[in-house]
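Here the structure comes first, spelled out in structure tokens, and everything after it is commentary.
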2 protein chains.
Amino acid sequence: MSLMAPTQQVKRRATNQGAAVKEALAAEDTFRSAQDVYATLRANGEKIGLSTVYRHLQIFVDDGLADVIHKPDGESTYRLCGDASTTHHHHLVCRSCGKAVEIEGPAVETWADKVAAQNGFTDVNHTVEIFGLCATCAAA
Amino acid sequence: MSLMAPTQQVKRRATNQGAAVKEALAAEDTFRSAQDVYATLRANGEKIGLSTVYRHLQIFVDDGLADVIHKPDGESTYRLCGDASTTHHHHLVCRSCGKAVEIEGPAVETWADKVAAQNGFTDVNHTVEIFGLCATCAAA
DNA sequence: GTCTTATTGGGAATCATTCCCAGTATGGCA
DNA sequence: TGCCATACTGGGAATGATTCCCAATAAGAC
């Protein structure tokens, strides 16, 4: 989402908690809320605080390691994304299980820029999320 | 955004408060938060409660009179939209002043549907919002 | 090992939004 | 025109996610 220049890595220590959060996210290819990740970690016996989970999630986003999407109900959900920072992309998200598929739409990008320019808008970015029911959830 | 069948109007009374909220929204073509609308109304001497503002805003949305967009920070903002219910459209929003321009992108619609179908997703809908700085705000 | 300081976590604080419910006002009806 | 059933109102409590604060803890450099 950020339009800043590539975030330069700040000095950052390697901690168990940070690794745990990353692992939790890596375990599934779905968008998960901070609360959810926290619950999972605790249930897993991990010793970690909620604040810390939020902190790391935010760091991942800042570092371009994770994508965020805000569910319609306002909750923020996170997911690790391979080369998210290098490849701008969007998501097709299952509104039931959260499973997400990365999608690209070059046409959409150019369309967005064009429309913005035509209306005199600058410093533009956009959000495109497609919600639906994945095959699995639809069958259930 | 809803995929339901056109909401059938429930019996609904005409009240001063309801009218006031609608007027407040109609006064400007920008997306405004409930808190914002509430503050404006009160500042304007209107006798109305915060709950009531939220209530009417939600009603407008349900009735297809208004559009909602969730700002990246999670706050919900509302704006009256002429024939929103009949014409599916998106918005180009100024991230500074909230001013919004209605835009259409037939290509985006079909693209979204196609991508979803290819991935086995059903019951699909999507959100597309473009944020930027309008000419006025950019100049300031 | 020691020291500097980033990191942690738990509880308080914030904030938007929702809930609850007794009081109020609208619309229908006689 | 007056009355009644009930939709609407609003203030404060409740909720829930997220942020803040800060003393205790633990990386990592020398």
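The sequence lines fix the lettering, A, B, ..., with proteins before strands; numbering per chain opens at 1. On a predicted model such as this, the values are computed, not experimentally measured, just so you know.
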**Item:** Donor-acceptor pair under 3.5 Å, A:R55 side chain vs C:dT7 base
**Value:** no
**Message:** Heavy atoms only, 4.0 Å cut-off, all strands: where does B:L50 land among base, sugar-phosphate and nothing?
**Reply:** base
**Prompt:** In residues 34-42 of chain B, what residues come within less than 4.0 Å of DNA chain D, judged by heavy atoms?
**Reply:** B:R42
OP1 or OP2 of [N] less than 4.0 angstrom from a side-chain nitrogen or oxygen of [X], does that happen here?
{"X": "A:Y54", "N": "D:dT18", "answer": "yes"}
{"X": "A:Q17", "N": "C:dT7", "answer": "no"}
{"X": "B:T52", "N": "D:dG10", "answer": "yes"}
{"X": "A:H56", "N": "C:dT7", "answer": "no"}
{"X": "B:S76", "N": "C:dT17", "answer": "yes"}

**Request:** Scan side-chain atoms only and decide if B:D73 and A:H70 contain a donor-acceptor pair under the 3.5 Å cut-off.
**Result:** no
**Message:** Please pick, from C:dT26, C:dG9, D:dC8, the nucleotide with the shortest atom-to-atom distance to any side-chain atom of B:R12.
**Reply:** D:dC8
**Prompt:** Looking at the rings of A:H91 and B:H126, which for Trp means the six-membered one, are their centres under 6.0 Å apart?
**Reply:** no
**Message:** Salt bridge or not between A:R95 and A:E129? Use side-chain N to carboxylate O under 4.0 Å.
**Reply:** no
**Asked** So how far is it from A:F121 CZ to B:L92 CG, rounded to the nearest 0.5 Å?
**Response** 4.0 Å
**Complete:** Shortest non-hydrogen pair, B:G105 vs A:W111, comes out as CA-CZ2, 3.7 Å
